[in-house]
Enquirer: 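Before I ask anything, let me first share the structure, which is written out below as structure tokens.
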Amino acid sequence: MTGTLKKMRAELGDPQADKAVQYYLPIGEQEIHLTPLIGKPFAFSYTGNIYCSSCGKKTKKSYSQGHCFVCMKKLASCDMCIMKPETCHFAQGTCREPQWAEQFCMTDHFIYLSNTSGLKVGITRHSQIPTRWIDQGAKQALAILRVKNRLLSGLVEVELAKLVADKTNWRALLKGEADDLDLVAQAEVLLPQIEAHLAALALQYGEDAISRVELPLQEIHFPVTEYPTKISSFNLDKVPEVSGVLQGIKGQYLIFDTGVINMRKYGSYELSVDLA
């Protein structure tokens, strides 16, 4: 099977029934159900071709997880404000694609706490729960605030990031399961510390701009039979072949007995998969 790689698709399992996330690897127009392959040999190789996920043109290098340089420069989804939402410039009239922003940025977002390699704060669109948490390898996650747009989510996250981490230690993530955290208790400790900041934002953007939410804690069980004791990463740009026994999947990482690979990093790379 040969085709361009897209982000792995995941379906939430039932942790109460010890059912793990089901992962699917999109290769071109086809998908490989990966979870049943855990514990078995699995191999694929990079053909040397990259095709832009937006325009489809061949490109020598992938930008912004799968785009050619031209699309990276013109698409709103590749702008710096996607990585740093507190820098959103929609209100200034300088957004690259205002219609796209109306759909994806000018909509409800959640600020959440998660347990990945430890306690972490993050943001996501309402439609990306629990996908965002699965992609980050979160063992537990809890939405704590709802805001009316992406800019506000960034402004709140920046304040909380002064108190807790806003990034995951990917090496720690892949070395084992983090200890359980009481995320509800953590929220009760953190939110009063940013109360003045939230009040100032509400005064500026409206009383309905930010609200507390009481959603249930989400627990996620990843299909991993064995974690590596030493982290060794595959790099398709240097060595185009990946092979070994698939020992697990967590976030967007495949864990082999021979190393780990972040599949998200290689979006739009053309892969040839050995299903024999």
Enquirer: Could you check whether any side-chain N or O of Ser268 sits under 3.5 Å from a backbone N or O of Tyr51, counting only pairs where one atom can act as donor and the other as acceptor?
Expert: yes
Enquirer: Apply side chain to side chain contact (heavy atoms under 4.5 Å, CB included) to residues Ile27 and Leu5 and explain how you reach the verdict.
Expert: CA-CA 5 Å; Ile27 300 293; Leu5 176 67; 4.1 Å; yes
Enquirer: Work out which heavy atom in Ser64 is nearest to a heavy atom in Met72; give both atom names and the distance.
Expert: OG-CG, 3.3 Å
Enquirer: Okay, side chain of Lys250, backbone of Leu173: is any donor-acceptor separation there less than 3.5 Å?
Expert: yes
Enquirer: Short question: side chain of Lys148, backbone of Met106 - any donor-acceptor pair under 3.5 Å?
Expert: no
Enquirer: So Val21 and Thr35, side chain to side chain contact (heavy atoms under 4.5 Å, CB included) or not? Walk me through it.
Expert: CA-CA 8 Å; Val21 174; Thr35 306; over 6 Å; no
Enquirer: Just so I know, are the side chains of Phe234 and Thr258 near enough to count as touching, which here means a heavy-atom distance under 4.5 Å?
Expert: yes
Enquirer: Is the shortest side-chain heavy-atom distance between Lys7 and Thr131 below 4.5 Å?
Expert: yes
Enquirer: For residues Tyr63 and Lys73, determine if any side-chain heavy atom of one lies less than 4.5 Å from a side-chain heavy atom of the other.
Expert: no
Enquirer: Are Glu214 and Arg212 within salt-bridge range, i.e. N to O under 4.0 Å?
Expert: no
Enquirer: Can you tell me if CG on Asp179 sees more than 12 non-hydrogen neighbours from other groups inside 6.0 Å?
Expert: no
Enquirer: Less than 4.5 Å apart, any side-chain heavy atom of Lys139 and any of Leu181?
Expert: no
Enquirer: Is any side-chain heavy atom of Val239 closer than 4.5 Å to a side-chain heavy atom of Leu236?
Expert: no
Enquirer: What I want to find out is whether Glu157 reaches Lys167 closely enough, with some N-O distance under 4.0 Å, to be called a salt bridge.
Expert: no
Enquirer: What I want to check is whether the side chains of Thr116 and Gln136 have a donor and an acceptor closer together than 3.5 Å.
Expert: no
Enquirer: Kindly compute the distance separating CG (Leu160) from CD (Gln193), expressed to the nearest 0.5 Å.
Expert: 9.0 Å
Enquirer: Could you label the plane-to-plane angle of the Trp133 and Tyr112 rings as parallel, tilted or perpendicular, counting under 30° as parallel and over 60° as perpendicular?
Expert: perpendicular
Enquirer: Picking from Ile249, Ile38, Ile32, what satisfies side-chain contact (heavy atoms from CB on, under 4.5 Å) with Tyr23?
Expert: Ile249
Enquirer: When rounded to the nearest 0.5 angstrom, what distance separates CG in Leu155 from CD1 in Ile210?
Expert: 8.5 Å
Enquirer: Fit a plane to each ring of Phe42 and Phe256, take the angle between them on a 0 to 90° scale, and name the class: parallel (under 30°), tilted (30 to 60°) or perpendicular (over 60°).
Expert: parallel
Enquirer: Pair His67, Ser54 - check side-chain hydrogen bond (donor to acceptor under 3.5 Å, both in side chains), show working.
Expert: CA-CA 6 Å; His67 296 84; Ser54 180; 5.3 Å; no
Enquirer: Go through Trp100 and Cys105 one step at a time and tell me if the side chain to side chain contact (heavy atoms under 4.5 Å, CB included) criterion holds.
Expert: CA-CA 8 Å; Trp100 183 91; Cys105 301; 3.7 Å; yes
Enquirer: Do the side chains of Gln99 and Glu97 get nearer than 4.5 Å, heavy atoms only?
Expert: no
Enquirer: Locate the shortest heavy-atom distance separating Asn262 from Tyr266; write the atom from each residue and the value.
Expert: O-CD1, 3.4 Å
Enquirer: With side-chain hydrogen bond (donor to acceptor under 3.5 Å, both in side chains) as the test, would you mind laying out the steps for Gln252 and Asp135 before giving the verdict?
Expert: CA-CA 6 Å; Gln252 285 287 314; Asp135 286 347; 3.1 Å; yes
Enquirer: For Ile82 and Pro85, which heavy atoms make the closest approach, and how far apart are they?
Expert: O-CD, 4.0 Å
Enquirer: Atom OG in Ser272, atom CE in Met1: separation rounded to 0.5 Å?
Expert: 10.0 Å
Enquirer: Side chains of Val147 and Ile123: does their closest heavy-atom pair fall under 4.5 Å?
Expert: no
Enquirer: Report the C-alpha separation of Leu25 and Phe44 in whole Å, then their side-chain angles, then the decisive distance to 0.1 Å, and conclude whether the side chain to side chain contact (heavy atoms under 4.5 Å, CB included) test is met.
Expert: CA-CA 12 Å; Leu25 182 68; Phe44 58 86; 5.5 Å; no
Enquirer: Does some side-chain heavy atom of Phe90 sit less than 4.5 Å from a side-chain heavy atom of Glu102?
Expert: yes
Enquirer: For the CG atom of Leu246 and the OG1 atom of Thr225, what is their distance to the nearest 0.5 Å?
Expert: 8.0 Å
